Amino acid sequence: MAGQVSELVAVHGEPLPQILELEKTRRCDLIIIGRRGTVPLLEQVFLGSVAKQVLALSRADVLIVR
């Protein structure tokens, strides 16, 4: 689609604060994040994950892929 811009960014540090900071400074509309497939979904509910936290705390739409 015309006018669509995507960008791949690599940063160092704790994932959650880095992702939320990038979302704020770059005014993201969508965050695409992967989740690790090694932990069953039920265990993630109890243990939490970066993807789950981004989904809960982000103002942008979040797409979680496996």
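Only this structure's heavy atoms are used, side chains among them; waters, hydrogens and symmetry mates stay out. Count residues from 1 along the sequence. Worth saying up front: this structure is predicted, and the values here are computed from it rather than measured.
Under the 4.5 Å side-chain heavy-atom criterion for ILVMFWY residues, no single connected hydrophobic cluster contains both Leu22 and Ile33. Ile64 and Val50 fall within the same hydrophobic cluster, defined by Ile, Leu, Val, Met, Phe, Trp and Tyr side-chain heavy atoms under 4.5 Å apart, directly or through other members.
Interatomic distance, CG of Leu20 versus CG of Leu57, reported as 6.0 Å (0.5 Å rounding). Of the inter-residue distances, the one linking Cys28 atom SG with Ile19 atom CD1 reads 10.5 Å to the nearest 0.5 angstrom.
A pairwise comparison of heavy atoms in Leu30 and Ala60 identifies N-CB, 4.2 Å as the closest pair. Minimum heavy-atom separation, Ala51 to Gly34: CB-O, 4.2 Å. Looking at every heavy atom in both residues, Ile31 comes nearest to Ser58 through CD1-OG, 3.6 Å.
With sequence neighbours excluded, no residue satisfies side-chain hydrogen bond (donor to acceptor under 3.5 Å, both in side chains) with Arg59.
Residues Leu16 and Val54 meet the side-chain proximity criterion, which asks for heavy atoms closer than 4.5 Å. Between Val9 and Arg26 the shortest side-chain heavy-atom distance falls below 4.5 Å.
When the shell of 6.0 Å around CD of Glu7 is examined, it contains more than 12 heavy atoms from other residues, nucleotides or ligands.
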